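Just so it is clear, the model here is predicted, and its values are computed rather than measured. The chains referred to below are lettered A, B, ... by the order of the sequence lines, with proteins before strands, and numbering in each begins at 1. All values below come from the heavy atoms of this structure, side chains included, with hydrogens, waters and symmetry mates left out.
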Protein chains: 2
Amino acid sequence: MSSKQEFIKKLRNSNLRPTKQRINICDVLFNRDKTFHFTINDLFNLIKDKTGQKVSLATVYNTVHAFHKKGYLKEIPINSNQTYFDTNVSDHHHFFDVKEEKLIDLKNEDVGPIDIQKSIPGKKIKSVEVLVKLED
Amino acid sequence: MSSKQEFIKKLRNSNLRPTKQRINICDVLFNRDKTFHFTINDLFNLIKDKTGQKVSLATVYNTVHAFHKKGYLKEIPINSNQTYFDTNVSDHHHFFDVKEEKLIDLKNEDVGPIDIQKSIPGKKIKSVEVLVKLED
DNA sequence: ATTCTTCTTTAGAATAATTATAAAAAACTC
DNA sequence: GAGTTTTTTATAATTATTCTAAAGAAGAAT
Ligand SMILES: [Mn+2]
Ligand SMILES: [Mn+2]
Ligand SMILES: [Zn+2]
Ligand SMILES: [Zn+2]
């Protein structure tokens, strides 16, 4: 089955109508081998470049948020004025190349288990994420 | 020597003229026992509350950036629309209480050494920071 | 297929955080 | 004090993001 059909199925299963805009966005986001880290603006421009079709900026925002809510995208906190998203939704760590402003995935085995020795009463740990900043 | 005199000295040493606005900001930021995590807006409001004197928002931004540049404040990357700053400029980790939107310092001993097993050619590690998100 | 309903897209307006501007005020130098 | 440089401030500009409301597309019912 073509990936387009997969996307349509996935969208339908998520109660999201498979519009051509959403399918194009899926194509840019998920038709790739490696994890993709991006800002909304990156994505907005890539859609034009890769599919030749314009999708309005509002729709890019809407779709990214819809996918985020469904758990198909992850938000990454970075010292930056723009929000980064990640197609790798698993719990994982990152390098951040400060000069290039680029995120690189770290495998969990590249970092090893992290043991948090402190706890706050009434709170439990939701996630543990390491950010390793890189310089030249 | 009063802390005010200390602040004046510190500002002079940093080639920053010790204006009453900057001294008030120092007072709010550095006259406290524990690490202080804040947004610009937090700080803006606290200055009014604690010192009874208004400092313009532009000056708060300017001063925070000046202090950041001098290394007296640290910027903390958080999933939020506002930038967080930290009076603890050492390399350290955080809890982030997602509900309260509050940062809590972790001592390095509470996390233990983190061993990064991967490297990127031509790049070296600048910092390693753990962010532990907390939920109820 | 036609109609009806609901969801989606879109351009543009609105909001909110941050940065830039430029004139007045304050701080230093001599 | 006169002259110079830095700082403050109100306000405008910028930027990322969200909101709005109308037009369009998709799905359901007939
Ligand atoms: Mn989101
Ligand atoms: Mn800064
Ligand atoms: Zn990632
Ligand atoms: Zn801290």
Using heavy atoms and a sub-4.0 Å distance, could you list which residues of residues 37-51 of chain B are near DNA chain D? By number, please.
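None, since no heavy atom is under 4.0 Å.
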If only side-chain N and O atoms of [X] are considered, is one of them under 4.0 Å from the OP1 or OP2 phosphate oxygen of [N]?
X: Ser56(B); N: dT8(D); answer: no
X: Gln21(B); N: dT9(D); answer: yes
X: Arg22(A); N: dC7(C); answer: no
X: Thr83(B); N: dT18(C); answer: yes

Specify the separation, in whole Å, of atom [atom1] of [X] and atom [atom2] of [N].
X: Glu101(A); N: dA16(D); atom1: CD; atom2: P; value: 11 Å
X: Ile8(B); N: dC28(C); atom1: CD1; atom2: C1'; value: 14 Å
X: Ile23(A); N: dT9(C); atom1: CD1; atom2: C1'; value: 14 Å
X: Asn24(B); N: dT8(D); atom1: CG; atom2: C1'; value: 13 Å
X: Leu11(B); N: dT8(D); atom1: CG; atom2: C1'; value: 15 Å
X: Ile78(B); N: dA17(C); atom1: CD1; atom2: C1'; value: 17 Å

Can you tell which of Asn31(B), Leu29(B), Ile25(B) makes a side chain to side chain contact (heavy atoms under 4.5 Å, CB included) with Asp27(B)?
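So the option named by the test is Asn31(B).
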Take Tyr84(A) and Glu101(A) through the side chain to side chain contact (heavy atoms under 4.5 Å, CB included) test and state the conclusion after the steps.
CA-CA 10 Å; Tyr84(A) 277 73; Glu101(A) 291 202 306; 3.9 Å; yes
If you count the non-hydrogen atoms of other residues, nucleotides and ligands that lie under 6.0 Å from NZ in Lys102(B), is the total more than 12?
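For Lys102(B), atom NZ is not crowded (no more than 12 foreign heavy atoms under 6.0 Å).
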Under 3.5 Å, which N/O atoms of the protein pair with N/O atoms of nucleotides 19-24 of chain C?
{"unit_1": "dT19(C)", "atom_1": "OP2", "unit_2": "His65(B)", "atom_2": "NE2", "d": "3.4"}

Are [X] and [Y] linked by a side-chain donor-acceptor pair shorter than 3.5 Å?
X: Asn62(B); Y: Thr59(B); result: no
X: Ser14(B); Y: Tyr72(B); result: yes
X: Asp42(B); Y: His37(B); result: no

Given protein heavy atoms under 4.0 Å, the one-letter contact record of nucleotides 22-30 of chain D, with B base, S sugar-phosphate only and - none, is simply ---BBS---
Between Thr87(A) and Phe36(A) (side chain of the first, backbone of the second, donor and acceptor by atom type, cut-off under 3.5 Å), is there such a pair?
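Confirmed, Thr87(A) side chain pairs with Phe36(A) backbone.
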When you measure from the side chain of His65(B) to the backbone N and O of Thr63(B), does any donor-acceptor pair fall under 3.5 Å?
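Such a contact is absent between His65(B) side chain and Thr63(B) backbone.
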Contacts under 3.5 angstrom, residues 124-136 of chain A side chains, donor-acceptor by atom type, not counting sequence neighbours:
{"unit_1": "Glu129(A)", "atom_1": "OE2", "unit_2": "Lys74(A)", "atom_2": "NZ", "d": "2.6"}
{"unit_1": "Asp136(A)", "atom_1": "OD1", "unit_2": "Lys123(B)", "atom_2": "NZ", "d": "2.8"}
{"unit_1": "Asp136(A)", "atom_1": "OD2", "unit_2": "Lys99(A)", "atom_2": "NZ", "d": "3.3"}

Could you pull out all residues at least two apart from His93(A) that satisfy ring-ring contact (aromatic ring centres under 6.0 Å, His included)?
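Residues passing ring-ring contact (aromatic ring centres under 6.0 Å, His included) with His93(A): none at all.
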Check side-chain contact (heavy atoms from CB on, under 4.5 Å) between Lys54(A) and all other residues, then give those that pass, not counting sequence neighbours.
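For Lys54(A) the side-chain contact (heavy atoms from CB on, under 4.5 Å) partners, ignoring immediate neighbours, are Lys48(A).
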Which is more 5' along DNA chain C, the nucleotide nearest Asn15(A) or the one nearest Leu16(B)? Just name the residue.
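The residue mapped nearer the 5' terminus is Asn15(A).
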